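The shown structure was predicted, so the numbers you read here are calculated from the model rather than taken from an experiment. Just the heavy atoms: all of them, side chains too, but no hydrogens, waters or symmetry mates, feed the values below. Note that ligands are numbered from 1 as they come in the structure, with each ligand's atoms numbered from 1 the same way.
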Amino acid sequence: MKNILITGGAGFIGSHVVRLFVNKYPEYNIINLDKLTYAGNLENLKDIEDKPNYTFVKGDICDFEQMKDLFAKHNITGVIHLAAESHVDRSIKDPFSFAQTNVMGTLSLLQAAKLTWDGDFTDKLFYHISTDEVYGSLDNGGFFVETTKYDPHSPYSASKASSDHFVRAFHDTYGMPTVISNCSNNYGPYQFPEKLIPLFLNNIRHNKPLPVYGKGENVRDWLYVVDHARAIDVIYHQGKNGDTYNIGGFNEWRNIDLIKVMIKTADRLLGRPEGSSEKLITYVTDRAGHDLRYAIDSTKLKDELGWEPSLQFEEGIEKTIRWYLDNETWVDNITSGEYEKYYQEMYK
Ligand code: NAD
Ligand code: DAU
């Protein structure tokens with residue numbers, strides 16, 4: 001019996017990973033540890049919460065004593081670590097909480113694993129989920145590969161880079177079995193509406209301005225979240241000890257082009273003349289230190305472990321837009337109170 005700790009499982013990507021593992025591996029115990037910050041939402045897991053191989057624990061990865069108790073109580077043999085502060089704009093306003101959660105929280109988990117496993121690393125694995133943002137920004141050519149030099153620019157990416165270094169240090173120093181993956185931008189159901197796609201869909205629905213940073217020329221490489229979860233499954237089971245894998249969709253979009261696709265599709269589904277919501281586009285002051293372009297080369301993952309995205313972008317984005325329009329209650333429940341305060345401060 002494998003007892004796998006998934007941290008941040010109530011968040012956007014984490015909930016898809018928990019769902020996949022709980023459904024696909026009834027013989028594993030899946031323990032979802034989440035602090036339930038503003039970004040964590042147990043509504044994301046309603047469909048699997050009663051499964052016998054699933055346990056939810058509310059807790060904080062920074063609480064070292066709690067993490068040690070958790071490892072011992074559940075006899076944890078594997079970790080898939082997703083818990084993090086994940087939004088770049090918030091990191092610009094409050095870098096301390098990013099260092100605390102992403103760096104100190106990761107270190108606390110690593111140390112709890114090390115003490116519990118006590119040098120017996122047979123059938124153990126610490127899998128750390130990271131981001132392509134650690135590699136910095138590309139101009140108009142080339143891709144990030146696994147050996148690209150780290151060059152983070154935002155407090156968020158600096159904290160993720162630091163946590164990656166700690167994971168590698170535990171592998172090199174203590175022999176802990178580890179693996180890291182660095183993924184591009186995810187999209188799909190259950191993403192908190194502070195990120196581009198769900199934020200803009202919510203604003204289109206309410207006829208609110210669409211705040212495009214700078215000229216909208218920044219480029220991101222978008223991957224459907226379920227394909228990221230599938231990659232995590234493959235890497236967890238077949239990844240080479242101590243190795244790194246890049247995950248991406250070879251699917252680059254300039255923000256403004258993606259926004260126009262969203263507008264066209266949402267207008268059609270909302271019964272509005274196609275493109276009529278383009279009038280909501282509002283160019284606003286650029287994000288500080290805004291990385292121009294991210295583009296992941298995931299050839300290694302394809303060649304070595306046979307993973308490829310399963311969904312074409314056209315299908316994935318239509319599915320995603322339909323989901324947000326069909327799940328108004330999910331969106332409305334998390335866009336009241338604190339969210340409204342964040343929104344006013346961020347976009348005043
Ligand atoms: P998210 O913000 O939606 O979810 C983060 C989850 O972590 C939430 O459920 C939150 O409650 C939990 N959490 C935060 N602090 C915690 C703490 N101290 N203790 C326990 N739980 C805590 O994030 P996401 O977009 O799902 O990203 C998940 C991971 O994937 C992150 O590590 C992120 O860096 C990485 N990542 C994200 C993307 C993306 O496009 N969203 C791409 C590549 C990598
Ligand atoms: O690349 C992976 C990263 O992708 C993850 O590590 C992060 O956790 C995740 O948040 C995401 O970071 P980005 O900064 O790329 O995502 P975001 O959705 O915040 O922004 C996408 C692009 O859209 C970016 O160029 C900024 C722009 N943008 C974003 C918002 C929220 C706008 O123009 N206006 C906005 O209001």
Considering non-hydrogen atoms of the protein only, which is the closest contact for [atom], and what is the distance?
atom	result
atom 1 (O) of ligand 2	D132 OD1, 2.5 Å
atom 18 (O) of ligand 2	L196 N, 2.8 Å
atom 5 (C) of ligand 1	A84 O, 3.5 Å

- Message: Heavy atoms only, cut-off 4.0 Å: how does K195 contact ligand 2, side chain, backbone, both, or neither?
- Response: both
- Within reach of ligand 2, part of I197 (heavy-atom separation under 4.0 Å): neither
- ligand 1 N/O within reach of L82 N/O, cut-off under 3.5 Å: yes
- Task: Decide whether an N or O pair under 3.5 Å exists between N41 and ligand 1.
- Result: no
- Task: Could you tell me whether ligand 1 has any atom less than 4.0 Å away from a heavy atom of A10?
- Result: yes
- Heavy atom of M346 under 4.0 Å from ligand 2? no
- Message: As an exercise, identify every atom of ligand 2 less than 4.0 angstrom from a heavy atom of V212.
- Response: 33 (O)
- Min N/O separation W222 to ligand 2 under 3.5 Å: no
- Specify the closest pair of heavy atoms between L311 and D227, including all atoms of both residues, with the distance to one decimal. N-OD2, 3.2 Å
